[in-house]
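This report refers to the structure that appears directly beneath it.
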Amino acid sequence: MNPVRPEFVPDPSLSREQMEALQHDIAEAAVFADDLDFDPTDVRIGRHAGQQTLTDDESPVIVGVDQAFLDDRAVSAIVALRDGEVIEEVTAVEPVEIPYIPGLLSFREGNAILAAFERLSVTPDLAVVDGSGRIHFREAGLATHIGVTLDLPAVGVAKNLLCGTPARSIPDRMLEGERIVIEADSEVTAPDGTVVGYAFQSRQYDSGSTSINPLYVSPGHRISAETAVDVVERCCGGYKLPEPTRLADRLADEAKAELA
DNA sequence: GCGACAG
DNA sequence: ATCTTGTCGC
């Protein structure tokens, strides 16, 4: 698929000010409420896979998106799943123009991701992107940028919190399935207290001294914070990361190995 | 000025 | 994200 909003395609040659201005425009175009063409409860990946009661073409197509890097090149990988089964895999390699800058990640990785989407033949119902969505200084993280540019429902899944404040302190050990609201604070453009995402414990050990950290889930586009977590939970299959992300991560590593 | 900061 | 073997714990 191709950009529906070409004016939002990330241009790494922009000045920092221009990048931030574009993010403000993207945030205004973003929809942080459910506007999905499928029923979230029909997402059955991981442990729910195969228990589908819908016909194939009624099951939502979920794509996982992840990147790997080699020198000054970014490898973007997309894995499309329907009812827990891989139906398509694509990769794309693009040169990276700028270094990693907190808050401007989409300008570093965005073009590789969009190039991969151009190679994708199926039309996804939802994208699970590695990184933040609305949990971002200007409410325009990678998942939001990609989602709005393609007008594709998207959720952001990050392993660390970029900004925002947990409604209650995150304990050393969260219980599996537990959720803690992440609210906007003075560093986020949204009014203080706005729910911009959730800390979500997708997996946890039964006991012991070691524990797994939660995921930070936030809406990217056309989905609410609550539904974003619901669908991510339905995408998990016994591991910390949702299955679409794990598969895309592995595919990106394999594609990277082919480059070396 | 200080601290904080997805991948 | 990436560089990397063994190793501690379940």
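Here is how names work: the chains are called A, B, and so on, in the same order as the sequence lines, proteins then strands, and each is numbered from 1.
Projected onto DNA chain C by closest heavy-atom contact, A/Asp249 and A/Gly208 fall at different nucleotides, the more 5' of which corresponds to A/Asp249. Both A/Ser207 and A/Asp130 sit near DNA chain C, but only A/Asp130 has its closest nucleotide nearer the 5' end.
Within the 4.0 angstrom heavy-atom criterion, base atoms lie near A/Gly103. Contacts of A/Ile113 with the nucleic acid, taken as non-hydrogen atoms under 4.0 Å apart, are absent. Contact annotation for A/Ser132: base contact, defined as any heavy-atom pair under 4.0 Å involving a base atom. Within the nucleic acid shown, A/Phe137 comes within 4.0 Å of at least one base atom, counting heavy atoms only.
Note: CD (A/Glu109) to P (B/dG7) measures 9 Å, nearest angstrom. One interatomic measurement links the two molecules: NZ of A/Lys159 to C1' of C/dA1, which rounds to 9 Å at whole-angstrom precision. A/Phe69 has its CZ atom 14 Å from the P atom of B/dA6, to the nearest Å. One interatomic measurement links the two molecules: CG of A/Leu105 to C1' of C/dA1, which rounds to 9 Å at whole-angstrom precision. The distance between atom CD of A/Gln204 and atom C1' of C/dC10, rounded to the nearest whole Å, is 12 Å. Taking atom CD of residue A/Gln67 and atom P of nucleotide B/dG7, one finds them 11 Å apart after rounding to whole Å. If you take CG of A/Asn213 and C1' of B/dA6, they are 15 Å apart, rounded to a whole angstrom. Distance A/His136 NE2 to B/dA6 C1': 8 Å, rounded to the nearest Å.
A salt bridge does not link A/Glu94 to A/Arg73: none of the charged nitrogens lies less than 4.0 Å from a carboxylate oxygen. Checked for salt-bridge contact, A/Arg222 and A/Asp125 miss the test: no charged N lies under 4.0 Å from a carboxylate O. One finds no salt bridge joining A/Arg134 and A/Glu183 here, because no Lys/Arg side-chain nitrogen approaches an Asp/Glu carboxylate oxygen to under 4.0 Å. Salt bridge status for A/Arg179 with A/Glu226: absent, with no side-chain N to carboxylate O gap under 4.0 Å.
Contact annotation: A/Asn160 side-chain N/O to B/dC5 OP1/OP2 distance is not under 4.0 Å. Note on A/Tyr100: a side-chain N or O is less than 4.0 Å away from OP1 or OP2 of B/dA6. Between A/Lys256 and the phosphate of C/dA1, there is no side-chain N or O to OP1/OP2 separation shorter than 4.0 Å.
Side-chain atoms of A/Ala68 lie closest to C/dT2 of the nucleotides B/dG7, B/dA4, C/dT2. Closest to the side chain of A/Asp253, from the set B/dA6, B/dG7, C/dT2, is C/dT2. Between C/dA1, B/dC5, B/dG3, one nucleotide has an atom nearer to the side chain of A/Leu162 than all others, and that is B/dC5.
Interatomic distance, CZ of A/Arg44 versus SG of A/Cys235, reported as 13.0 Å (0.5 Å rounding).
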